[in-house]
Structure formats: structure tokens, C-alpha cells
Amino acid sequence: MLKKTFKKLSQYEWEIPKTYRSDMRVAVHLFASELLLEAALDDLSLEQAVNVTTLPGLVGPVVVMPDVHQGYGFPIGGVAATAFPHGVISPGGIGYDINCGVRLMSSSIEYTEAQPHLAQLAAALNAACPSGMGKAGPFKLKPSELDAVCRLGAEWAVKQGMATTEDLRRTEETGCVDGADPRWVSEHAKTRGSDQLGTLGSGNHFMEVDVVEQIFDPDAAQAMGLMEGCLVLQFHCGSRGLGHQVCSDYVQEFQSAVRRYGIQLPDRELVCAPMDSPEGQHYLAAMRSAANFAFCNRQVLAHLAQRAFEQVLAGKIRRFHLHQVYDVAHNMGKIETHMIEGKPLKVCVHRKGATRAFGPGQAGLPEEYQAIGQPVLVPGSMGTASWVLVGTETSMAISYGSTCHGAGRVMSRSKAKRDVRGDRLRDELEQQGIHIQAGSLAGLAEEAPQAYKDVDDVVETVSGAGIARKVARLRPVVVVKG
DNA sequence: ATGTAC
């Protein structure tokens with residue numbers, strides 16, 4: 001797409017007007033600096049955003065985040081809100097990794113004190129948290145147990161002694177989205193998920209120990225238990241093969257639904273169905289089941305990681321307890337109420353590679369975050385910084401309570417694999433004092449920092465546009481990847 | 001993202 005297509009609204013906001021193409025129902029609103037706009041022009045992500053504007057039932061502009069890149073049908077880094085219940089829901093607007101998300105845990109362990117033990121900690125985390133493609137975890141769930149995970153989400157882990165009620169309170173949707181019904185999850189998806197609870201996966205999924213490097217908002221940092229110079233644990237993963245199969249199943253099933261409901265689409269990958277149709281209802285029930293599987297997966301991983309910390313640091317470090325800061329979803333369709341043209345309206349917010357970023361005072365936020373807004377967790381690319389932000393009143397007003405989710409890819413996986421030597425990259429990161437545990441050197445190369453945008457630029461944009469506020473910057477010291 | 005093509 002050409003830069004002249006965009007109308008500049010402010011330093012960090014650009015618009016593709018509705019007049020750009022005759023089938024657009026709404027405009028595209030992109031958050032980007034000049035530099036990030038130019039990066040976004042290099043792939044098909046903005047054409048995809050224009051395609052999304054043709055979906056029936058949109059209530060306002062399709063919003064695009066600065067970490068945008070091309071995805072299946074919808075761009076990764078896109079947000080679209082459709083009227084509930086007559087508007088459509090589209091699996092491609094949520095993504096193959098349903099409820100892919102990030103969890104952050106704080107500690108009072110000082111980096112300087114823990115530094116001699118970090119290599120051992122990296123190995124212990126790698127041993128405790130299975131990672132890699134198709135990797136099985138510590139449990140083989142019977143069908144009735146898997147159904148319970150899909151219905152209960154992270155609460156299932158409380159019953160198993162792997163979670164506390166505080167963990168749930170500090171999880172988006174308290175770790176369980178309503179309306180999940182595993183009867184609409186295929187047997188195939190259930191089979192794939194049955195041994196994957198408590199696993200990290202591959203690709204850009206990771207587990208990381210970071211040091212809190214700089215605090216920008218002391219009040220918010222204090223509410224979250226973040227202290228400069230102390231270690232935190234964060235990880236990024238989702239619903240594994242189960243969610244992937246749910247998305248595949250419904251993308252296929254929706255092909256005929258599109259014809260049945262007479263929906264015109266510029267791209268088959270945008271397949272969708274009205275939320276109040278049987279197809280839409282079944283997908284919602286299955287997608288929510290996969291979302292709960294992912295919440296439970298992150299809860300189990302948190303438990304396994306905590307045990308690894310105890311195993312390595314007990315007796316060496318005075319206090320090693322990890323406290324949940326928050327757990328966010330960045331691939332999800334949620335029914336929420338937003339102010340649309342001055343009136344509250346129930347909508348389905350499709351967030352694909354976009355983080356919910358509720359501002360202060362929103363229902364559903366735990367008491368300690370009511371005044372500061374929802375914690376937003378933005379991991380950078382491997383070996384680079386990550387950010388903790390909070391949602392704002394502006395994000396509620398102009399981005400359906402959403403903000404960015406990461407650095408955003410700029411180089412294809414195949415090109416990164418050609419250009420980057422995994423062994424050299426590992427050595428470079430080790431030289432920077434980052435302990436790496438990598439299941440696959442080819443996988444490591446695909447995630448090289450040069451394959452991603454600069455997360456600091458992305459955060460500068462969302463912060464400058466006002467759709468999130470900076471709380472803390474984190475620096476990695478241990479990275480575990482599949 | 002993903003038993004990376006039934």
C-alpha cells in the first residue's frame with residue numbers, strides 16, 4: 001500500500017478513509033510513528049485491514065496497532081468491533097492460537113544476588129516446562145478432565161493445588177471466560193490438547209526471566225509489586241494444538257455459512273458467521289473453551305516455573321516467592337460494552353495480536369488495579385526489552401480498550417532462517433549476559449531480534465497516542481524457547 | 001501459531 005493512501009491525523013495516528021475502496025463500511029485507524037507506518041507498508045497487513053472493514057455489523061473503525069504484520073485474513077495487530085448479536089464473528093479475527101497471551105510474575109529476588117544461579121535456573125525452567133512443536137506435558141487428561149479444563153479455565157488448577165485465588169483475581173476474566181461449551185470442540189481438537197496442558201509450544205512462545213530495569217510510574221509499579229533491580233518471570237503461550245484445531249475446524253465450517261447467509265467477502269480467509277446464528281454460537285462456545293484451556297495452560301506453567309525457582313534458589317536466596325502481576329489475552333473475541341457514538345453498545349471485540357487495555361475504574365479489574373488501569377504486558381523480541389504498561393481512558397475511547405501486543409515481525413520466518421545462524425545468535429545473546437535454553441537453533445534464528453521491529457518504538461507510539469501508559473521496562477537475563 | 005500438506 002502507498003503512504004499517500006493515509007491521512008495523517010496526528011504524530012501517531014493515520015487514517016485510511018472509507019472512500020479508499022467502494023466496499024469499505026468503515027475507515028481504518030492506524031496507530032504508528034512515521035517509521036512504523038513505513039514498516040507496515042511493506043507487507044499485505046494494511047490491505048488486510050481494508051478487507052476487514054467490509055465485514056457486516058462493524059460499529060466503528062478497524063483499529064491497527066504499530067506492531068502490525070500480515071496474518072491469516074486479518075492482520076496481526078488488528079482490532080475490529082462488531083455489533084452483538086447480529087454482527088459477525090470471524091475466526092481469522094481471533095487467530096489460530098486462541099487466547100495466546102502473556103503472564104507476568106513479580107519477585108523480590110535481587111538480580112545481583114541471583115546472578116550466580118541464573119544458568120542453573122535457565123536449565124531448571126527448561127526441564128520443568130516442556131517446549132517445542134507437538135511436545136507433550138506432564139498430564140494426560142481423560143476426556144472428562146479436559147472438558148473440565150475447557151469449562152473452568154485457570155480455576156481447574158486451583159482444584160489441583162496449582163493456583164491460588166489471588167492468581168485468578170489477577171488474570172483477565174479471572175482465568176475463565178463465560179459461555180465455554182466443550183461439546184462444540186471436536187474430538188480431534190480434544191485429542192490434540194489432551195497431553196498439552198503445561199506446555200510452552202514453539203515459534204515466538206517463550207519463558208523468560210527479566211530484571212526490572214527502569215520504572216516510569218512508581219504508583220502503578222508498586223501496585224504490581226515491581227521493584228527496580230529485582231527479577232520477574234514472564235511467559236508467552238496459548239492454547240497449543242487444541243486452539244489451533246478449533247480455529248481450523250470453524251474456518252472450514254464457516255465457508256458454507258458465508259454462502260448460507262449471503263455474506264460478500266473480498267478474501268475467503270475472512271470467513272465469518274452472524275453471532276446469533278447456530279454456526280456463530282457454536283464457534284463462540286468452542287473458542288471460549290480453547291481460551292479457557294490457554295488460561296489453565298499458563299496457570300499450570302506458572303506453577304511448574306515456580307517449582308523450578310524453588311528447586312534452584314531455596315536456601316540460596318532469602319525470598320523466592322513469585323506473585324502474579326497479571327495475565328493478558330491477545331488473541332480473543334470478547335463481548336464487551338463500549339461507548340459508540342456517545343452511547344454504550346454491546347459489541348464483540350476481535351483482538352488479534354492486540355492486548356486488552358482497560359482504563360482505570362473498569363468493571364472486572366481487581367481492586368488494586370482500579371485506580372491505575374489494567375496491566376498490559378508487551379514482550380519484545382528475543383533478547384530485547386519488554387514493557388509493562390497500563391490501559392487508559394483514551395484506549396477505552398479510541399481503540400475499544402486495546403493496545404499493542406509486542407514488537408511485531410518485519411522479516412518472514414523463512415528469510416530469518418536464511419539470514420541468521422542460530423548458533424551465532426545464541427553466542428551473541430550469551431555474551432550479552434542472557435542465559436539461553438533453545439530446543440532448536442533453527443527456531444532460534446526465526447526469532448532473531450532483526451526479524452522484529454524495535455519494541456521501544458512500538459511502545460513510544462502507543463504511549464504517544466495515549467492508548468497505554470508506561471510503567472516499567474524489563475531486560476531479559478534468562479530465555480527458554482522450544 | 002500449528003503433529004508447518006489428508
Side-chain angles (χ1 to χ4, degrees), chain A residues 43 45 48 67-78 90-103 129-137 140-141 146 185-197 199-207 235-253 255 269 286-287 289-291 293-295 297-298 301 328-333 350-355 379 381-382 405-418 422 439-448 451-452 480-482:
Chain A
D43 66 12
S45 53
Q48 290 185 323
D67 51 333
V68 67
H69 56 114
Q70 206 174 309
Y72 180 86
F74 285 61
I76 294 156
S90 176
I94 288 160
Y96 271 83
D97 191 0
I98 295 165
N99 189 7
C100 185
V102 185
R103 179 172 292 217
C129 306
S131 64
M133 174 76 71
K135 198 59 175 283
K140 173 72 189 172
L141 299 177
L146 184 69
V185 175
S186 68
E187 287 308 313
H188 187 193
K190 288 176 180 175
T191 305
R192 288 183 67 176
S194 62
D195 62 359
Q196 292 186 326
L197 194 69
T199 63
L200 204 47
S202 64
N204 63 5
H205 288 168
F206 66 86
M207 180 167 281
F235 50 93
H236 173 215
C237 67
S239 51
R240 309 286 286 102
L242 185 142
H244 189 274
Q245 193 61 46
V246 165
C247 185
S248 300
D249 290 341
Y250 283 90
V251 160
Q252 190 171 12
E253 188 180 320
Q255 299 288 351
E269 294 185 356
M287 182 268 289
S289 302
F293 181 87
F295 277 133
N297 188 31
R298 289 198 288 275
L301 280 166
V328 291
H330 56 224
N331 281 10
M332 185 97 91
H350 296 68
R351 295 191 183 91
K352 181 185 193 179
T355 311
S381 50
M382 183 176 52
H405 87 306
R409 192 168 268 285
V410 279
M411 192 190 286
S412 69
R413 291 186 175 279
S414 50
K415 182 165 162 51
K417 224 186 289 198
R418 276 199 307 276
S440 140
L441 287 175
L444 203 68
E446 288 184 5
E447 295 303 317
Y452 283 84
V480 176
K481 290 190 65 66

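In what follows, every chain begins at residue 1, and chains take the letters A, B, ... in the order their sequences are listed.
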What nucleic acid atoms does [X] come within less than 4.0 Å of, heavy atoms only: base, sugar-phosphate, or nothing?
X: A/His236; value: nothing
X: A/Gly238; value: nothing
X: A/Glu446; value: nothing

Mind calculating the distance between [atom1] ([X]) and [atom2] ([N]) to the nearest angstrom?
X: A/Tyr96; N: B/dA5; atom1: OH; atom2: P; value: 11 Å
X: A/Asn99; N: B/dT2; atom1: CG; atom2: P; value: 13 Å
X: A/Tyr72; N: B/dT4; atom1: OH; atom2: C1'; value: 15 Å
X: A/His244; N: B/dA5; atom1: NE2; atom2: P; value: 9 Å
X: A/Ile76; N: B/dT2; atom1: CD1; atom2: C1'; value: 13 Å
X: A/Asp97; N: B/dT2; atom1: CG; atom2: P; value: 6 Å
X: A/Met133; N: B/dT4; atom1: CE; atom2: P; value: 7 Å
X: A/Lys135; N: B/dT4; atom1: NZ; atom2: P; value: 16 Å

Response to the item:
ring-ring contact (aromatic ring centres under 6.0 Å, His included) test vs A/His244 passes for just one of A/Tyr96, A/Phe293, A/Tyr72, namely A/Tyr96

Practice prompt. Ignoring backbone atoms, test whether A/Ser202 places a side-chain nitrogen or oxygen under 4.0 Å from the OP1 or OP2 oxygen of B/dT2.
Written response: yes

Worksheet item: Does A/Arg413 put a side-chain nitrogen or oxygen below 4.0 Å from OP1 or OP2 of B/dT4?
Response: no

Worksheet item: Quick one: salt bridge (Lys or Arg N to Asp or Glu O under 4.0 Å) partners of A/Lys140, sequence neighbours excluded?
Response: none

Fill in: Partner residues of A/His69 under the ring pair (Phe, Tyr, Trp, His ring centres under 6.0 Å) criterion, sequence neighbours left out
none

Worksheet item: Can A/Glu447 and A/Arg409 be counted as an ion pair, charged N to O under 4.0 angstrom?
Response: yes

